[in-house]
Amino acid sequence: MAAAVELDGVNVTFGDFVAVRDANLVIEPGEFFSFLGPSGCGKTTLLRTISGFIEPTRGSVRIGGKDMKGIGPNRRPTALIFQNLALFPMMSVAENIGYGLRVRGVPRHERDEKVKNLLIQVALAEHGHKQVSELSGGQKQRVAIARALAVEPSVLLLDEPLSALDLKLRQHMRAELRAIQKRVGITFIYITHDQGEALTMSDRIAVMNAGVIEQVGNGRAVYAEPRTPFVASFVGENNGIRGRITSVANGEAVLDTPIGTLRGRNPVGLAAGQDALLFVRPEALRIGAGAGALFEGEALDVAYEGSVTHISMRVRTGQKLTVTLGGGAADALPQPGDTLQVGFEPRDGLVLAKAADA
Amino acid sequence: MSGGLPLIIGLPLVAAVLLVVLGALERRHSPAAGPGFFQRNGVAVGLYLALAVGFWAFFIIVLPQLAMVDMSFRPKLPPSQMGGPKDVFTLENYRYFLFGSTTSTASWNILHIKAFFLTIGVSILVTLLNFAISYPLAFHMAQSAPVARLRVLLLLLIIPYWVNEILRAFAFRVLLSSGGVVNKLLLGSGLTSEPIDFLAADVGLYMGLSYAYLLMMIFPLYNAIESLDKNQIEAARDLGAPWWHIHAFVVMPHAKPGIASGCTLVFMLCAGALAAPLVLGGPRTLWFTPIVYDRFYQAFNWPQGAAYALILLLTCIVFVLAVLRLFRLSLGEITR
């Protein structure tokens, strides 16, 4: 079976500005695939390139094995859900959903039948006759999904469709989107700047920064095994400490940093003498005077949240680090101003090459 | 004019006072009354607004029109007999439009009735032509033109309107007459062997009328289309719609108020146009507005002129309202 979407050396430039640089990617049929990155990282451009609104400056886009060069968005087997949904306000809910079918010349009774089924699928059976403006945010969302699914695309593209919803509805819609994707079984390509959305919904995630796909992998991989400093710091909270590698052995590297000698895993195979960054997650840091304390710092702020406690601390260099303690530590919480002894296991530290501009 | 003048001025004044009183009553009895008009604007500004708008509405719009209505129901009399025993209300002027002079043998006043329907019909055609020309341009300006090009286009559209309307009409005449530029070009290039009489074929009239009111169409359309979310167009395209479908079912329904207001403006102005028909009309074409003009200044029959003008005005208003109703639009919407 051909891949759902293949990007082959895709470059998109606007004048001098490179929006997407050398994107190579294979997205499998039936996959829930997310592009995660900050705004302006090129993820929306890439989505519009897949849907056909933008032609790549170089490289090619293949959908279902077929080269899409010169094929407009109206003739691609993709459907796009816009960030603002772009429902047609002068049409009823049912007319909105049936629009793609009407364009394709599907006979009226067949169309009505299909729209009815879709309305049931998105739990809007009673709302078909309503105007779009009468619906709530979540209902509009579902109309947009139904409208896109009506044309039976092989790939559904979603451009941050949940960003306008409030938090509770957003979490509910995550589960719903995932359920819909499982049910219809087509490829979903999802754009988001929200790592929570990407991690909870996706089979695989491509993390993008400044037009470049930095890493592709499942949620666990991009969270636990980041390969670049950007991925390490963008996906989840992280503490990055600068230093220089003094020695490498057995997949580990020893780093000489201003706050002491630290040890961590060396997954990308850096060599001694290189400038590097050591990343350690807040939840991997341990405090206490026991064995394994590596450096010390002053507690600035202690935020008790019940299940976890976030401690903001400052080390000797002035850098601020975050420590997250698990539940049960409530009795022994440090106070602001306390001096903390901090340590971590070498397997929780991750040594990555310093980005050229960082 | 015994009783006429007091009646003309008195009636609207009474109506205005009545409205103000009604408004005050309603304000007193309505539960959720906000700050009053004078509280919101201050006494000075409020007074100025009330007086200025009142004066404008009354003396500039209502009064002259009412005077016309009154005049249209009176016989043509020498000044000495005005207000005399012969100055009575009559339908004579309206009868004349339908059946012509009492001494004529024909059963209908064919000449005037024909001119009337020609005016309405051609105005409809010119409105449609104008829409066909303006829509693509307005769409381009509103949705796809870069800012720099939009500025240039706006300038190019507006600058020609600095030229006087009559001058523009004569320019078309110079261009299209038998010895005009267009015919010289056609003859010179050998496309035709003898000059084409564009003016007799009313080509000049249609061109002149379309051109004269182009802006009245483009700007309402531009405003309406500009407010359309670009994503809607893209969504329709993404769902597989060909371009004409997007225009017919997404852009035009959205722009409906703008289309209606543009078409209304162009139709009304076209039906009431005087300069272009006078200058550019073919010798066999009798437009209605020149007839009205002639009633006033050639026949010196002001009452009849007033009646003719009112017939045109009322027909246009009824027609426009009927069309708006057909497209399920209210008058309020086209002012948006």
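Each chain gets a letter, A, B and so on, in the order the sequences are listed, and its residues count up from 1.
Within 6.0 Å of CZ in A/Arg183 there are more than 12 heavy atoms belonging to other residues, nucleotides or ligands. Remark: B/Met268 CE is packed, more than 12 non-hydrogen atoms of other residues, nucleotides or ligands lying under 6.0 Å away. By the 6.0 Å contact criterion, NZ on A/Lys130 is enclosed, its count of non-hydrogen atoms from other residues, nucleotides or ligands being greater than 12. Summarising the local packing, CZ of A/Arg21 is surrounded by 12 or fewer heavy atoms from other residues, nucleotides or ligands at distances under 6.0 Å. Other residues, nucleotides and ligands place more than 12 heavy atoms under 6.0 Å from the OH atom of B/Tyr161.
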Handout entry: Derivation of the side chain to side chain contact (heavy atoms under 4.5 Å, CB included) call for B/Val250 and A/Met90
Key = CA-CA 8 Å; B/Val250 177; A/Met90 53 282 180; 3.9 Å; yes
Problem - Criterion side chain to side chain contact (heavy atoms under 4.5 Å, CB included) on A/Tyr99 and B/His245, from CA distance to verdict - result: CA-CA 10 Å; A/Tyr99 184 80; B/His245 201 280; 2.9 Å; yes
Exercise for the section: Carefully, step by step, assess A/Phe53 and B/Arg237 under the rule side chain to side chain contact (heavy atoms under 4.5 Å, CB included). Expected result: CA-CA 9 Å; A/Phe53 287 107; B/Arg237 225 175 126 212; 3.8 Å; yes
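Both the backbone and the side chain of B/Asp238 come within contact range of chain A, judged by heavy atoms closer than 4.5 Å. Both the backbone and the side chain of A/Phe88 come within contact range of chain B, with heavy atoms under 4.5 Å apart. Neither the backbone nor the side chain of A/Leu157 comes within contact range of chain B; no heavy atom of the residue lies under 4.5 Å from a heavy atom of that chain. Heavy atoms closer than 4.5 Å to chain B are found in the side chain of A/Arg104, but not in its backbone.
Here the shortest heavy-atom pairing between A/Val103 and B/Ala241 reads CG1-CA, 3.2 Å. Nearest heavy-atom pair across B/Leu239 and A/Ala148 is CD2-CA, 4.4 Å.
With values rounded to the nearest 0.5 angstrom, A/Asn84 atom CG is found 12.5 Å from B/Lys230 atom NZ.
Of the listed residues A/Arg75, A/Met91, A/Arg147, A/Arg76, the one with more heavy-atom pairs under 4.5 angstrom with chain B than any other is A/Arg147.
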